[in-house]
Asker: 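Starting off with a structure, shown below.
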Amino acid sequence: MADDLRRNMALFPIGIVMKLTDLTARQIRYYEQHELIVPARTSGNQRLFSFNDVERLLEIKSLIEKGVNIAGIKQVMNPVSKESEEATVVSEQSEVKRKELSDTQLHRLLKQQLIEKRPGNKASMIQGQLSRFYNKN
DNA sequence: ATTCTAACA
DNA sequence: TGTTAGGA
């Protein structure tokens, strides 16, 4: 509810986030480049992360460990924007819908990619995503 | 002391 | 991804 405000307030610098997530600064910045996270900035251009950012990073880390690449994560995770943040605050129903939709999309992507990834396409983003189905997330 | 961007023996 | 140079 209204503590989304707290979860979204930029509080910690990258150093703390590194310890909190066990990710390197390189990785954190890299994920930001790919818009998986959008941390705030200080006047001095230093990143300030919120609890939500940390949570997202932990999820990203989890997916990476399962072998999902950036392209795959982009499709599995909820988009980062004011719109989505509001949606999360306004209705938890939409959040549930987004998750169910994600799995549906994954299923779709799974087939879509199983047929288009024939040559030596090692960067298939379905890696690991299979485990999501088999392990029931 | 920390973090930032850009670039690659 | 790691690492490093050169600057805030």
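Each chain gets a letter, A, B and so on, in the order its sequence line appears, and its residues count up from 1. Keep in mind that the numbers below use all heavy atoms, side chains included, and drop hydrogens, waters and symmetry copies. All values derive from a computational prediction rather than experimental measurement.
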Asker: With a 4.0 Å cutoff (strictly under), does any side-chain N or O of A:Arg47 reach OP1 or OP2 of B:dT3?
Answerer: no
Asker: Measuring only between side-chain heavy atoms, which start at C-beta, is A:Lys61 closer than 4.5 Å to A:Glu65?
Answerer: yes
Asker: Nearest to the side chain of A:Arg29 - B:dC4, C:dT1, C:dG2?
Answerer: B:dC4
Asker: Between C:dT1, C:dG2, B:dT5, which nucleotide gets closest to the side-chain atoms of A:Asn45?
Answerer: B:dT5
Asker: Mind checking the P distance from C:dG6 to B:dT2? Whole angstroms is fine.
Answerer: 22 Å
Asker: Identify whether any heavy atom of A:Gly15 sits under 4.0 Å from a base atom; if not, whether one sits that close to sugar-phosphate; answer base, sugar-phosphate or nothing.
Answerer: sugar-phosphate
Asker: Of the non-hydrogen atoms in A:Asp53 and A:Pro39, which two are nearest, and what is the gap between them?
Answerer: OD2-CA, 3.8 Å
Asker: In whole Å, what is the span from the CD atom of A:Glu32 to the P atom of B:dA6?
Answerer: 11 Å
Asker: A:Arg41 side chain: which of B:dT5, B:dT3, C:dT1 is closest?
Answerer: B:dT5
Asker: Between A:Glu32 and A:Arg41, is there a side-chain N and carboxylate O pair less than 4.0 Å apart?
Answerer: yes
Asker: Both A:Ile70 and A:Gln46 contact DNA chain C. Which one's nearest nucleotide lies toward the 5' end?
Answerer: A:Ile70
Asker: Is the number of heavy atoms from other residues, nucleotides or ligands within 6.0 Å of CZ (A:Phe51) greater than 12?
Answerer: no
Asker: Using a cut-off of 4.0 Å on non-hydrogen atoms, how would the nucleic acid contact of A:Ile64 be classed: base, sugar-phosphate, or nothing?
Answerer: sugar-phosphate
Asker: With a sphere of 6.0 Å drawn around CD of A:Glu55, does it hold more than 12 non-hydrogen atoms of other residues, nucleotides or ligands?
Answerer: yes
Asker: Once you round it to whole Å, what is the distance between C1' of B:dT3 and CD1 of A:Ile16?
Answerer: 13 Å
Asker: When you measure from the side chain of A:Gln27 to the backbone N and O of A:Thr24, does any donor-acceptor pair fall under 3.5 Å?
Answerer: yes
Asker: May I ask you to verify if any side-chain N or O of A:Arg26 is less than 4.0 angstrom from the OP1 or OP2 atom of B:dA6?
Answerer: no
Asker: For DNA chain C, which ranges pair as stems of 3 or more consecutive Watson-Crick or G-U pairs, with both donor-acceptor distances under 3.5 Å?
Answerer: B:4-8 with C:2-6
Asker: Below the 4.0 Å mark, does C:dT1 have OP1 or OP2 next to a side-chain nitrogen or oxygen of A:Gln27?
Answerer: yes
Asker: Can you tell which of A:Ile28, A:Leu20, A:Thr21 makes a side chain to side chain contact (heavy atoms under 4.5 Å, CB included) with A:Phe49?
Answerer: A:Ile28
Asker: I want to check one thing: is the phosphate of C:dT3, taken as OP1 and OP2, less than 4.0 Å away from some side-chain N or O of A:Tyr30?
Answerer: no
